[in-house]
Protein chains: 2
Amino acid sequence: MHESLLAHFRRYISINDHEEKIICKHVTYRVVNNKEYILKEGQVCHANYFIVKGCFRMYLSTNTGTEQIIQFGIDNWWITDYTSLEMQKPSIYTIQAVENSEILVIDKRIQEELFSTIPQLERYFRIILQRIHSAYLMRIHYIYNMSGEERYNHFNGMFPEFVQRVPQYMLASYLGFTPEFLSKIRARKS
Amino acid sequence: MHESLLAHFRRYISINDHEEKIICKHVTYRVVNNKEYILKEGQVCHANYFIVKGCFRMYLSTNTGTEQIIQFGIDNWWITDYTSLEMQKPSIYTIQAVENSEILVIDKRIQEELFSTIPQLERYFRIILQRIHSAYLMRIHYIYNMSGEERYNHFNGMFPEFVQRVPQYMLASYLGFTPEFLSKIRARKS
DNA sequence: TTCCGTTCTTGAACAAGATTAAGTTTTTTG
DNA sequence: CAAAAAACTTAATCTTGTTCAAGAACGGAA
């Protein structure tokens with residue numbers, strides 16, 4: 001199951017067999033069942049997580065006491081709180097599995113070691129983060145320039161399988177409106 | 001004026017005198033006056049821009065014909081379209097000076113060369129991008145969980161000098177509401 | 001200084017989506 | 001299988017922010 005991680009690396013950088021072995025030796029596999037947490041608000045985040053299979057949500061609690069989902073992570077995505085990880089400060093986020101999942105864990109210390117033994121990994125994460133950043137610029141554009149209904153339809157068109165995978169109230173939170181409103185949208189379509 | 005760039009590098013990585021000289025040799029200084037463009041919608045972005053002094057806006061045109069400001073860049077920030085730069089595809093964004101500004105230009109080819117001669121630079125950009133990403137997660141949280149008025153007050157509290165620097169209609173666009181509404185907010189405060 | 005273009009303000013009518021509070025369906029668990 | 005918990009729906013009312021349209025103020029250039 002390290003293969004999916006290596007494949008992802010290979011998509012952006014070239015690494016040799018020796019380096020692959022080093023990586024596999026230092027990365028640890030972990031099963032995370034539905035509703036289990038890999039990071040809780042207030043804890044210091046100590047690892048970067050590569051999702052081999054499954055689905056996670058990252059959320060924070062608002063001042064009105066509700067949970068605001070900021071991002072989802074699925075197969076072949078990284079998920080972590082970079083601020084907490086880098087500064088070793090308590091996180092404001094909670095990361096929870098929303099399906100039975102399998103992840104690969106790269107501990108902070110290990111990751112720093114890997115960066116110095118395989119500098120190409122810095123490049124890999126730089127490229128990954130560039131892509132994430134571009135996606136976030138678009139996300140803000142969508143939030144500002146589409147109605148809730150348009151945003152739901154757009155998301156539905158882009159990731160139809162994903163919409164089936166998570167409860168509707170989570171999708172509503174991620175898309176920035178209430179579950180009641182999502183119900184209304186769906187009612188309109190039939 | 002290369003000093004501000006080197007100082008920014010030194011904040012995140014350590015580089016020696018020799019490397020600093022290489023960087024200075026390859027980075028070009030440029031004055032960009034108010035309302036001048038460094039990237040226009042449809043063009044391929046061919047450089048990464050470090051703002052030494054001044055202010056830029058990055059926007060795209062919406063289907064209703066208006067300009068949606070996605071981000072600002074000020075002193076000591078990088079601005080570019082990473083998607084267009086990396087893939088060498090036409091950009092959907094326009095980047096325009098909103099003050100008389102001074103920038104340092106790192107051409108794509110030059111940047112790639114610098115990455116291979118000074119691998120630490122990959123690390124620098126990785127860290128920068130991590131920070132940007134964290135900021136964007138918070139930005140989405142603010143957009144979803146604060147009213148327009150709260151968002152304006154919050155932004156005003158965080159960057160009071162900046163609010164004075166740009167026209168109100170640009171600020172309104174960046175914060176995701178109409179100039180008319182911003183006027184109304186300001187009227188309420190007095 | 002005057003003129004012109006740009007930016008900012010005000011107000012009325014309207015739309016998108018939140019809130020509240022039931023009620024219904026689905027899923028989980030003992 | 002029954003009961004409880006979790007997820008989803010519906011509808012009435014209320015808020016936030018938009019749109020449109022007009023006018024006022026400001027800033028820069030001739």
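All values below were derived from every heavy atom in this structure, side-chain atoms included, with hydrogens, water molecules and symmetry-related copies excluded. Residue numbers start from 1 in every chain, and the chains themselves are labelled A, B, ... in the order their sequence lines are given, proteins ahead of strands.
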Whole-Å distance separating the CD atom of Q168(A) from the P atom of dA6(D): 18 Å

Which pairs count as ring pair (Phe, Tyr, Trp, His ring centres under 6.0 Å) when at least one residue sits in residues 91-119 of chain B, sequence neighbours excluded? F115(B)-F125(B)

How are the rings of F72(B) and Y174(B) set relative to one another: parallel (under 30°), tilted (30 to 60°) or perpendicular (over 60°)? tilted

Does T178(A) put a side-chain nitrogen or oxygen below 4.0 Å from OP1 or OP2 of dA18(C)? yes

Checking all strands, does S183(A) fall into the base, sugar-phosphate, or nothing category for heavy-atom contacts under 4.0 angstrom? base

Considering residues, nucleotides and ligands other than R11(B), do more than 12 of their heavy atoms fall under 6.0 Å from its CZ? yes

Can you tell me if K53(B) has over 12 outside heavy atoms packed within less than 6.0 Å of its NZ? no

Where each residue is assigned the nucleotide of DNA chain C containing its nearest heavy atom, which of E180(A) and E149(A) is assigned the position nearer the 5′ end? E149(A)

With the threshold set at 4.0 Å, does a side-chain nitrogen-carboxylate oxygen contact exist between R10(A) and E19(A)? no

I need the OH-C1' distance between Y169(A) and dT10(D), as an integer number of Å. 20 Å

What is the distance, to the nearest angstrom, from the CZ atom on R151(A) to the C1' atom on dA16(C)? 11 Å

Between P on dT9(D) and CD1 on I185(A), what's the gap in Å once rounded to a whole number? 11 Å

Can you figure out which of dG17(C), dT10(D), dA7(D) approaches the side chain of F177(A) most closely? dG17(C)

Spacing between K184(B) atom NZ and dA13(C) atom P, to the nearest angstrom: 13 Å

Please confirm whether the shortest side-chain N or O distance from R186(B) to OP1 or OP2 of dT9(C) is below 4.0 Å. yes

Which donor-acceptor pairs under 3.5 Å do the side chains of residues 157-165 of chain B make with protein atoms, sequence neighbours left out?
unit_1	atom_1	unit_2	atom_2	d
R165(B)	NE	E99(B)	OE2	2.7
R165(B)	NH2	G54(B)	O	2.8
R165(B)	NH2	D75(B)	OD1	3.1
R165(B)	NH2	E99(B)	OE1	3.2

Would you kindly give the CE-to-C1' distance between M146(B) and dA18(C), to the nearest whole Å? 18 Å

Taking five pairs at each end, how big is the angle between the two axes of the helix from dT1(C)-dA30(D) to dG30(C)-dC1(D), to 10°? 50°

Length of the CG-C1' vector between L182(B) and dT16(D), whole Å: 15 Å

Nearest-Å distance for atom pair CZ/P, residues F181(B) and dT9(C): 14 Å

So Y82(A) and H133(B), would you call those rings parallel, tilted or perpendicular, with 30° and 60° as cut-offs? perpendicular

